[in-house]
Number of protein chains: 2
Amino acid sequence: MTPPSKPRPSAGETLHQRIRSDIEGRILSGEWPPGHRLPFEHELMDTYSCARMTANKALSALAASGLVERRRRAGSFVARPKVHSAVLQIPDLKSEVENRGERYGYELLDRQKRGATREDRGRLEVHLREPVMALRCRHDAADQPFALEDRLLNLKAVPDAALQDFAILSPSTWLVDHVPWTEAEHRISACNADEVVAGELAIEVGSACLVIERWTWRSGEPITAVRFTHPAVLYDLVARFTPSS
Amino acid sequence: MTPPSKPRPSAGETLHQRIRSDIEGRILSGEWPPGHRLPFEHELMDTYSCARMTANKALSALAASGLVERRRRAGSFVARPKVHSAVLQIPDLKSEVENRGERYGYELLDRQKRGATREDRGRLEVHLREPVMALRCRHDAADQPFALEDRLLNLKAVPDAALQDFAILSPSTWLVDHVPWTEAEHRISACNADEVVAGELAIEVGSACLVIERWTWRSGEPITAVRFTHPAVLYDLVARFTPSS
DNA sequence: AGACCTTATTTGTCTATACATATTACGTGG
DNA sequence: CCACGTAATATGTATAGACAAATAAGGTCT
């Protein structure tokens, strides 16, 4: 392997960062194709005159990012990415709208405290009759309906929520600031607006909507299930991916 | 709309992993709220009887994952996450279908080599009349139309693609194996099927479709732009997030 | 009080070494 | 030829020590 060959404009790079970006460059340029065995740690020690820990740090980081795969006794190999992975940022709607430079509006449509019904149980993994709160509200951007939020909250996990009326502050905003979570899952789909949704979003019956559902847990205990329904014409989800990040 | 099943804990931990998950637990349980200063590296050395490198590794990993923020001379602090971020996995459709245990089918609908038109230029950042390839094809799952793929390829960046007829092998599958990329952007939206799309996907005109668009670059050079259109009833995108991953 | 300098503390990076662990490669005996 | 034990090798994890860089906290001088 030839020593450092890449343009290195960033003077403030540390050694293991430099090793990492050198290797990354070779992989992404196609010089080292998927399956190619990259230098052993002791070879990197020689070419960069560093300790093994330093080479290890670079390779471990590359492995963590999924660009390379490491096998004991065999070596490190350029991974063959089977999936496009990307970091999806799902911001709080209030900041999303304000970042667009538009006026944000919020209206609570419905708020019910109740014992969990059979249907609720299908959404949230709570037991029958345990206390939950069901919320429906609308988020507006530039005085136009932007999203419908349909949320079920587990009051056993978040008792403080029972004290909130959510008339001014949206449940999403309140939750982000008050409730930590450990696991979340998102499901993104599309649907045709039925009469109720079309009415609330001021769109034609049947228009396509983008639906984002999210379930949140804290240490296995369900916290909330929420569904955002956006008019398709007003909202796209954007996800970016760069391997070096 | 059933909620997904809970994630599971793991076993067989190394020391720095244990330190990390201990801290993670305290943060996620709310015991250490956002802004809280967590123990210094030398304090962790004492409580876990380990070297500083080991404590450092744990804290660095937490910082990399975004859960904590570190400042020299000040210490390490629990970070306040502002957005829900999640890793979105967008698999190759062939593997996606086969992982569901269904029969995968592929049909090429149209293939054109041409100089870039004005419209193409809007999709792909190429100059007028530069060689591109436009492809339309259909992916089936269990003999039902599953996705429509509409792709524009920059032949200047990927000249080998001109030799492929894509009659058997889908362009997505070929590209994954042959063309490395450095940046990608995804846009996820919804639309109503027009007559053409409805016909090709064998669904009603007007049914909601989930649309995933992807642009791919290599070192700033555009490689391809692709749009997948899925019948909403057949396909959901799923994204998971656990801080420990 | 405010501007400036000094010091102490904490994190960031790196070296050198050690032993553990997984897995390939090889050689031996059946 | 195959099964099995053994050695070689690359990675995984950890220790202990060193210096560099950033910066919060104090102290001094004006």
Side-chain angles (χ1 to χ4, degrees), chain A residues 1 3-4 6 8-24 26-27 32 34-80 244-245, chain B residues 10-24 26-27 32 34-80 244-245:
Chain A
M1 156 181 182
K6 211 188 147 194
R8 225 163 303 96
S10 42
E13 227 181 5
T14 63
L15 224 190
H16 77 263
Q17 285 169 348
R18 191 178 127 207
I19 300 177
R20 180 181 170 174
S21 55
D22 278 2
I23 294 174
E24 215 164 64
R26 289 190 152 90
I27 294 175
W32 289 348
H36 181 262
R37 207 214 76 223
L38 39 105
F40 298 127
E41 295 185 346
H42 68 261
E43 292 177 307
L44 291 174
M45 284 174 67
D46 293 344
T47 59
Y48 290 94
S49 314
C50 66
R52 192 164 77 89
M53 272 297 293
T54 307
N56 182 295
K57 217 171 173 183
L59 290 177
S60 300
L62 287 167
S65 86
L67 243 200
V68 316
E69 196 181 319
R70 313 194 71 190
R71 291 205 310 275
R72 275 177 171 159
R73 159 76 220 218
S76 306
F77 301 84
V78 178
R80 186 182 308 275
S244 32
S245 72
Chain B
S10 57
E13 269 180 331
T14 61
L15 222 190
H16 77 261
Q17 285 170 348
R18 189 177 128 212
I19 300 177
R20 181 181 168 173
S21 56
D22 279 2
I23 294 175
E24 215 164 63
R26 281 188 225 264
I27 293 175
W32 290 347
H36 181 264
R37 208 213 73 222
L38 38 106
F40 298 126
E41 295 185 346
H42 69 259
E43 293 176 308
L44 291 174
M45 283 174 68
D46 293 344
T47 58
Y48 290 94
S49 315
C50 65
R52 189 164 78 89
M53 272 297 293
T54 307
N56 183 295
K57 219 171 172 181
L59 290 177
S60 300
L62 287 167
S65 86
L67 240 199
V68 317
E69 197 180 320
R70 314 194 69 192
R71 290 204 312 276
R72 276 174 169 160
R73 161 74 221 222
S76 306
F77 302 83
V78 179
R80 184 184 309 274
S244 34
S245 73

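Below, chain A is the first sequence line, B the second, and so on; all start at residue 1.
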Min side-chain heavy-atom separation [X]-[Y] under 4.5 Å:
X: A:S65; Y: A:R20; result: yes
X: B:L44; Y: B:T47; result: yes
X: A:T54; Y: A:Y48; result: no
X: B:M53; Y: A:M53; result: yes
X: A:E41; Y: A:S76; result: no
X: B:I27; Y: B:L38; result: yes
X: B:I23; Y: B:L59; result: yes

Would you grab the first and last nucleotide of DNA chain D (5' to 3') that comes under 4.0 Å of any non-hydrogen atom in chain B?
D:dT13 to D:dA25
Taking only nitrogen or oxygen atoms into account, show me every contact under 3.5 Å that the protein makes with nucleotides 10-12 of chain C, one pair per line with its distance.
| unit_1 | atom_1 | unit_2 | atom_2 | d |
| --- | --- | --- | --- | --- |
| C:dT10 | O2 | B:R73 | N | 3.3 |
| C:dT11 | OP2 | B:E41 | N | 3.3 |
| C:dT11 | O2 | B:R72 | NE | 3.3 |
| C:dG12 | OP2 | B:R70 | NH1 | 2.4 |
| C:dG12 | O4' | B:R72 | NH2 | 2.6 |
| C:dG12 | N7 | B:R52 | NH2 | 3.4 |
| C:dG12 | O6 | B:R52 | NH2 | 2.5 |

B:R37 atom CZ, over 12 foreign heavy atoms within 6.0 Å
yes
Rounded distance (Å) that lies between atom C1' of C:dC14 and atom CD1 of A:I19:
11 Å
Separation of A:H16 atom NE2 from C:dT15 atom C1', in whole Å?
15 Å
